[in-house]
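Following: one structure in C-alpha coordinates, then a few remarks.
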Amino acid sequence: MSDHSYEVSVRWTGDRGTGTSGYRDYGRDHDVRAAGKHDIEGSADPTFRGDRGRWNPEELVVASLAQCHMLSYLHVAVTEGFTVVDYEDRATASLNLNRDGSGELTEATLHPVVTILEADRVADAEAAHATANSLCFIARSVAFPVHHDPHTKVRAAD
(Lines give C-alpha, C1' and ligand atoms only; values in the text may rest on other atoms or scores of the structure.)
Protein backbone atom coordinates (compact mmCIF):
# COMPACT_ATOMS: atom_id res chain seq x y z
CA MET A 1 0.00 0.00 0.00
CA SER A 2 1.10 3.56 -0.53
CA ASP A 3 1.43 6.26 2.07
CA HIS A 4 -0.56 9.46 1.75
CA SER A 5 0.26 12.86 3.13
CA TYR A 6 -1.89 15.86 3.91
CA GLU A 7 -1.02 19.51 4.28
CA VAL A 8 -3.03 22.31 5.82
CA SER A 9 -2.09 25.71 7.10
CA VAL A 10 -3.47 27.51 10.12
CA ARG A 11 -3.18 31.29 10.37
CA TRP A 12 -4.13 33.19 13.52
CA THR A 13 -6.34 36.20 12.74
CA GLY A 14 -7.17 37.21 16.32
CA ASP A 15 -4.64 39.99 17.00
CA ARG A 16 -6.66 42.93 18.36
CA GLY A 17 -3.73 45.31 18.17
CA THR A 18 -1.84 44.23 21.30
CA GLY A 19 -1.08 40.60 20.47
CA THR A 20 -1.13 38.24 23.41
CA SER A 21 -0.51 40.95 26.00
CA GLY A 22 -3.16 39.37 28.24
CA TYR A 23 -5.51 36.37 28.27
CA ARG A 24 -8.52 38.55 27.42
CA ASP A 25 -6.63 40.77 24.97
CA TYR A 26 -6.54 38.51 21.94
CA GLY A 27 -9.06 36.71 19.80
CA ARG A 28 -8.95 32.99 19.17
CA ASP A 29 -9.99 33.37 15.53
CA HIS A 30 -7.96 31.63 12.87
CA ASP A 31 -8.32 30.27 9.34
CA VAL A 32 -7.63 26.69 8.32
CA ARG A 33 -6.56 26.39 4.70
CA ALA A 34 -5.75 23.69 2.20
CA ALA A 35 -4.87 24.16 -1.44
CA GLY A 36 -7.91 24.33 -3.69
CA LYS A 37 -10.47 24.32 -0.85
CA HIS A 38 -12.62 26.87 0.94
CA ASP A 39 -11.16 28.19 4.18
CA ILE A 40 -12.57 26.94 7.46
CA GLU A 41 -13.11 29.72 9.96
CA GLY A 42 -11.91 28.41 13.29
CA SER A 43 -11.84 29.63 16.86
CA ALA A 44 -11.82 28.20 20.37
CA ASP A 45 -14.89 26.83 22.10
CA PRO A 46 -16.89 29.73 23.56
CA THR A 47 -15.99 28.45 27.05
CA PHE A 48 -12.39 29.38 26.21
CA ARG A 49 -13.21 32.85 24.87
CA GLY A 50 -13.82 31.67 21.31
CA ASP A 51 -16.31 32.75 18.67
CA ARG A 52 -19.43 30.56 18.75
CA GLY A 53 -19.96 31.19 15.01
CA ARG A 54 -16.69 29.50 14.01
CA TRP A 55 -15.66 25.84 14.13
CA ASN A 56 -13.57 24.82 17.12
CA PRO A 57 -10.93 22.05 17.06
CA GLU A 58 -13.05 19.69 19.15
CA GLU A 59 -15.98 19.99 16.72
CA LEU A 60 -13.62 19.35 13.81
CA VAL A 61 -12.35 16.13 15.44
CA VAL A 62 -15.93 14.93 15.98
CA ALA A 63 -16.87 15.94 12.41
CA SER A 64 -13.85 14.01 11.10
CA LEU A 65 -14.95 10.91 13.01
CA ALA A 66 -18.49 11.17 11.67
CA GLN A 67 -17.34 11.76 8.08
CA CYS A 68 -14.82 8.93 8.18
CA HIS A 69 -17.34 6.50 9.67
CA MET A 70 -19.94 7.41 7.04
CA LEU A 71 -17.51 6.95 4.17
CA SER A 72 -16.29 3.64 5.61
CA TYR A 73 -19.88 2.52 6.20
CA LEU A 74 -20.90 3.29 2.60
CA HIS A 75 -17.95 1.21 1.42
CA VAL A 76 -19.00 -1.69 3.68
CA ALA A 77 -22.57 -1.46 2.34
CA VAL A 78 -21.29 -1.96 -1.19
CA THR A 79 -19.02 -4.86 -0.28
CA GLU A 80 -21.77 -6.57 1.77
CA GLY A 81 -24.45 -5.98 -0.86
CA PHE A 82 -27.09 -3.83 0.80
CA THR A 83 -28.21 -0.47 -0.54
CA VAL A 84 -27.98 2.72 1.49
CA VAL A 85 -30.22 5.51 0.19
CA ASP A 86 -29.88 8.00 3.06
CA TYR A 87 -27.40 8.57 5.89
CA GLU A 88 -27.40 11.19 8.65
CA ASP A 89 -25.42 11.39 11.85
CA ARG A 90 -25.53 13.48 15.01
CA ALA A 91 -22.15 12.91 16.60
CA THR A 92 -21.31 13.90 20.17
CA ALA A 93 -18.14 13.91 22.27
CA SER A 94 -17.07 14.51 25.86
CA LEU A 95 -14.12 16.63 26.93
CA ASN A 96 -12.49 16.28 30.34
CA LEU A 97 -10.77 19.39 31.69
CA ASN A 98 -7.91 19.00 34.15
CA ARG A 99 -6.91 21.36 36.98
CA ASP A 100 -3.74 22.37 35.14
CA GLY A 101 -5.73 23.71 32.17
CA SER A 102 -5.10 20.72 29.95
CA GLY A 103 -7.84 18.43 28.74
CA GLU A 104 -8.67 15.59 26.44
CA LEU A 105 -11.57 14.17 24.54
CA THR A 106 -12.59 11.08 26.50
CA GLU A 107 -15.14 9.52 24.16
CA ALA A 108 -17.29 10.15 21.13
CA THR A 109 -20.62 8.66 20.15
CA LEU A 110 -21.93 8.54 16.62
CA HIS A 111 -25.70 8.37 16.15
CA PRO A 112 -26.08 7.40 12.50
CA VAL A 113 -29.55 7.04 11.02
CA VAL A 114 -29.23 4.93 7.90
CA THR A 115 -31.98 4.18 5.41
CA ILE A 116 -31.61 1.04 3.29
CA LEU A 117 -33.77 -0.57 0.60
CA GLU A 118 -33.73 -4.20 1.73
CA ALA A 119 -36.03 -4.97 4.69
CA ASP A 120 -34.37 -8.36 5.19
CA ARG A 121 -30.90 -6.75 5.65
CA VAL A 122 -31.52 -4.56 8.71
CA ALA A 123 -29.40 -6.79 10.97
CA ASP A 124 -26.57 -6.71 8.40
CA ALA A 125 -26.85 -2.92 8.15
CA GLU A 126 -26.61 -2.58 11.93
CA ALA A 127 -23.63 -4.97 12.16
CA ALA A 128 -21.82 -3.09 9.39
CA HIS A 129 -21.10 -0.23 11.81
CA ALA A 130 -18.53 -2.36 13.65
CA THR A 131 -16.78 -3.16 10.38
CA ALA A 132 -16.87 0.49 9.33
CA ASN A 133 -15.37 1.51 12.67
CA SER A 134 -12.50 -0.94 12.22
CA LEU A 135 -11.81 0.54 8.77
CA CYS A 136 -12.15 4.23 9.66
CA PHE A 137 -8.73 5.89 9.57
CA ILE A 138 -9.70 8.57 12.06
CA ALA A 139 -11.32 6.22 14.61
CA ARG A 140 -8.20 4.06 14.44
CA SER A 141 -6.05 7.13 15.16
CA VAL A 142 -7.71 8.68 18.20
CA ALA A 143 -6.83 7.82 21.79
CA PHE A 144 -10.40 7.57 23.06
CA PRO A 145 -13.28 5.16 22.39
CA VAL A 146 -15.72 5.84 19.57
CA HIS A 147 -19.15 4.41 20.34
CA HIS A 148 -22.03 3.87 17.94
CA ASP A 149 -25.76 4.18 18.54
CA PRO A 150 -27.12 3.41 15.07
CA HIS A 151 -30.70 3.35 13.86
CA THR A 152 -31.66 1.69 10.59
CA LYS A 153 -34.74 2.50 8.55
CA VAL A 154 -36.11 0.77 5.47
CA ARG A 155 -37.42 2.82 2.57
CA ALA A 156 -40.92 1.72 1.70
CA ALA A 157 -41.34 0.24 -1.77
CA ASP A 158 -42.70 2.71 -4.30
Side-chain angles (χ1 to χ4, degrees), residues 1-79 84-116 125-126 128-153:
M1 298 299 289
S2 63
D3 291 332
H4 298 269
S5 61
Y6 302 91
E7 182 177 333
V8 299
S9 65
V10 176
R11 182 168 186 270
W12 177 52
T13 59
D15 182 5
R16 295 179 179 152
T18 59
T20 58
S21 58
Y23 185 73
R24 298 177 185 274
D25 296 337
Y26 66 96
R28 277 56 174 177
D29 293 357
H30 56 274
D31 294 328
V32 180
R33 297 183 172 137
K37 296 182 171 67
H38 298 286
D39 290 358
I40 296 173
E41 294 181 335
S43 191
D45 183 283
T47 301
F48 310 110
R49 307 197 55 78
D51 181 342
R52 160 177 330 280
R54 290 174 169 246
W55 287 87
N56 66 57
E58 297 81 11
E59 290 170 326
L60 291 170
V61 169
V62 177
S64 294
L65 283 166
Q67 285 178 279
C68 186
H69 183 80
M70 179 192 69
L71 295 168
S72 298
Y73 185 87
L74 297 174
H75 168 75
V76 172
V78 170
T79 61
V84 175
V85 293
D86 193 39
Y87 186 109
E88 291 182 43
D89 194 353
R90 182 186 51 80
T92 59
S94 298
L95 176 73
N96 183 48
L97 293 178
N98 301 313
R99 290 178 190 244
D100 65 0
S102 67
E104 59 273 338
L105 291 170
T106 57
E107 67 178 344
T109 303
L110 307 182
H111 303 271
V113 177
V114 180
T115 304
I116 63 172
E126 295 275 328
H129 289 284
T131 305
N133 186 64
S134 71
L135 294 174
C136 173
F137 307 151
I138 307 301
R140 293 173 59 96
S141 301
V142 297
F144 54 85
V146 179
H147 308 288
H148 303 88
D149 181 22
H151 179 70
T152 304
K153 298 179 181 180

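- Here the rule is side-chain contact (heavy atoms from CB on, under 4.5 Å) with Cys136, and of Ser141, Ser72, Ser64 only Ser72 fits it.
- Considering CZ of Arg11 and CZ of Arg33, their distance stands at 6.5 Å, rounded to 0.5 Å.
- The CD atom of Gln67 sits 11.5 Å away from atom CG of Leu110, with the distance rounded to the nearest 0.5 Å.
- Just one of Leu60, Val61, Asn56, Val62 meets the side-chain contact (heavy atoms from CB on, under 4.5 Å) condition when paired with Glu58; it is Asn56.
- Side-chain atoms of Arg140 come within 3.5 Å of backbone N or O of Ser134 as a donor-acceptor pair.
- For Glu88, the CD atom is loosely surrounded, since the number of other residues' heavy atoms within 6.0 Å does not exceed 12.
- Counting only distance, with no hydrogens or angles, the side chain of Asp100 and the backbone of Ser102 share a donor-acceptor pair below 3.5 Å.
- Shortest non-hydrogen contact noted between Val76 and Ala128 is CG1-CB, 3.6 Å.
- In this structure, the side chain of Thr13 engages the main chain of Asp29 through a donor-acceptor pair within 3.5 Å.
- The closest donor-acceptor contact from the side chain of Arg52 to the backbone of Gly50 lies at 3.5 Å or more, if one exists at all.
- Note on ring orientation: taking the six-membered ring where Trp is involved, the planes of His129 and His69 are parallel (angle under 30°, cut-offs 30° and 60°).
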Determine, step by step, whether Tyr87 and Val114 satisfy the side-chain contact (heavy atoms from CB on, under 4.5 Å) criterion, reporting the C-alpha distance in whole Å, the side-chain angles of both residues, the deciding distance to 0.1 Å, and the verdict. CA-CA 5 Å; Tyr87 186 109; Val114 180; 3.5 Å; yes
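- Rounding to the nearest 0.5 angstrom, the gap separating the CG atom in Asp31 from the CG atom in Asp39 is 5.0 Å.
- A pairwise comparison of heavy atoms in Trp12 and Gly19 identifies CH2-CA, 4.2 Å as the closest pair.
- Between Ala125 and Tyr73, the shortest heavy-atom distance links the atoms O-OH, 2.8 Å.
- Closest non-hydrogen pair, Tyr23 versus Tyr26, comes out as O-CE2, 3.6 Å.
- Between the CZ atom in Phe144 and the CG atom in Asn96 there is a gap of 13.0 Å [rounded to 0.5 Å].
- At least one side-chain heavy atom of Phe48 sits less than 4.5 Å from a side-chain heavy atom of Leu97.
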Residue pair Asp25, Arg16: steps toward the side-chain contact (heavy atoms from CB on, under 4.5 Å) verdict: CA-CA 7 Å; Asp25 296 337; Arg16 295 179 179 152; over 6 Å; no
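- Among His30, Glu59, Glu41, the one residue that satisfies the side-chain contact (heavy atoms from CB on, under 4.5 Å) test with Arg54 is Glu41.
- Summarising the geometry, atom OG1 belonging to Thr106 is positioned 7.5 Å from atom CG belonging to Leu95; distances are rounded to the nearest 0.5 Å.
- Counted within 6.0 Å of CZ on Arg49, heavy atoms from surrounding residues, nucleotides or ligands total more than 12; the atom is thus considered enclosed.
- Formation of a donor-acceptor pair under 3.5 Å by the Asp89 side chain with backbone atoms of His111 is found in this model.
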